[in-house]
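Each remark here refers to the structure printed beneath this line.
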Amino acid sequence: MTTQSKDLRADALGFAEVLFQGIAAVAPAGAAVSTMTGAATFALGSLPLSATLAFLLVLLNAIIISRISRRVSSAGGYYAYTKAGHGNTAAIFTGLMYIFYQVMAIALVGLSVAVFVPAMLSDVFGLSIPGYLWFLLLLTDLGFSFLLSYAGIRESTRYATVMGAIEMATVVVLGGALALMSKYNTISVFTPSYASGGIAGIALGTLFMYTAFAGYGNATPLGEEAKQAKSSISKALILTVIVLGAFFIFSAYSFTVAWDPSQMGSYASALVPGVSLVYERISPIAAVILTALFINSLFTGAVVLTNSTSRVMFDMARDGALPSELSSVHGERLTPHIAAFATFIIALGIATGATLELGGFNAFLFTATAATLGTLLVHVVVNTSLLTMLKKMKASITQADLLLVFTAVLALAFVFYGTFISISSPVIYGTYTLIAFAAISGIYAFTSRERTSK
């Protein structure tokens, strides 16, 4: 049942659901047991220090977005924020680039399931895995995310809230047990002493650790469905980063000291070192539980990303910036189901095509590169919109505002630059894809700005 009503379900979400929309988007269990290996490649035994620095950089960015969200509330999220500051052309460009990196991130999450789960089941648990399993896992993950997003905003966010809390609590308990059993507990892991190349290794570790936080802003498109949206989203953004920061710093510390800070080179090269540690040090049953939560973390992340992407599509279509069909709302569930289905189909097509063309792991790197660069580009535009928005609203712009935005943009530029330090074919393909889409988006934004709602 479909209606052209422009209304989503108002006042449907409490603060906890809004908070966990951002927390669950980063797939915290997956990031803790696997994703941090990229940062560990450079930070090695100083991984906890890189996690701490990355947290501070993300918090800086979150403060800016939180300030914008106090004044703007919409299903458009970053699209609406940029519109309030820079106007239609920049907003359309931002919205398209947001959809681009979110869809790439959904494809990335699906590929995380399709590529790493079979390898983990084979390497850690010694199971024989059929070659076609990757597509079934990909389809299951992305299909599940669409169905739960379609079911309703309450159902999908409550699922994310419950599962996100369970997986983080489990990782904390298991990580704490590993740390208590370790003979390598030391605060020296919060210094550059173990890093490859000292400060340079810390910088690169911070760069890759930064990506573990990507997705924390996925609460912003809940502006029409959250209770007291401006207040709750603003607070949730800050608290999301604080919770994730504490979680990642603790996880980085516990896994580092459990592995041995002086031997973190082998940790970085392991497939899912967190699961391996639990399997060897605690029990195979605990490893099975952690593996299930690792997989579920990726499923939950895809649900949250589909929620937010479909709402930005919906809002842009409602404004006339995208085809009007994408603004359709389900008559009973009050979800932007057409936009959610479009998100599912595009992400599935990208992930499948990239895997067939590049191979599973290279497809993973391709989507990761495109998603990361797109995220950084959008956040630069959104951050600078704070100043123009304050000017339009005739609010005072302080030196603290200028310093905050300048520092955040400079940090994002450093992370953007750092992505190119290690170049490989998938990274090049991801970069070229981003550039091509950004160029097309810029042309489209300029030519369609007049027919879009002010």
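Atoms considered below: every heavy atom in the structure, side chains included; atoms not considered: hydrogens, waters and symmetry mates.
Within the 3.5 Å criterion, the main-chain N or O of Ile187 finds no donor-acceptor partner in the side chain of Thr191. Side chain of Ser283 to backbone of Ala286: a donor-acceptor contact under 3.5 angstrom is found.
Side-chain contact of Ser234 with Ser66: a donor-acceptor pair under 3.5 Å is present, judged by distance alone. The closest side-chain donor-acceptor pair between Asp315 and Ser74 falls under 3.5 angstrom. Side chains of Asn61 and Tyr216: a donor-acceptor N/O pair is present below 3.5 angstrom, by distance only. No donor-acceptor contact under 3.5 angstrom links the side chains of Glu224 and Ser73, judged on distance only. Neither side chain, Thr220 nor Tyr81, offers a donor N or O lying under 3.5 Å from an acceptor on the other. Between the side chains of Gln228 and Asp11, not a single donor N or O lies within less than 3.5 Å of an accepting N or O. When only modelled atom types and interatomic distance are considered, Glu17 and Thr161 share no side-chain donor-acceptor pair under 3.5 Å. Donor-acceptor pairing under 3.5 Å is lacking for the side chains of Ser182 and Trp259.
Residues Val189 and Pro261 come closest through the heavy atom pair CG1-CG, 3.8 Å. Between Thr37 and Tyr267, the shortest heavy-atom contact is CG2-O, 3.9 Å. The two atoms that bring Thr369 and Pro426 nearest to each other are OG1-O, 4.4 Å, heavy atoms only.
Residues passing the side-chain contact (heavy atoms from CB on, under 4.5 Å) test with Ser196, sequence neighbours excluded: Leu44.
Applying the side chain to side chain donor-acceptor pair (under 3.5 Å) rule to pairs touching residues 244-255 yields Asn185-Tyr253, sequence neighbours excluded.
Met168 CE to Leu293 CG: the interatomic distance, rounded to the nearest 0.5 Å, is 12.5 Å. Expressed to the nearest 0.5 Å, how far CZ of Phe437 lies from OG1 of Thr433 amounts to 11.0 Å.
For Phe55 and Phe248, the gap between ring centers reaches or exceeds 6.0 Å.
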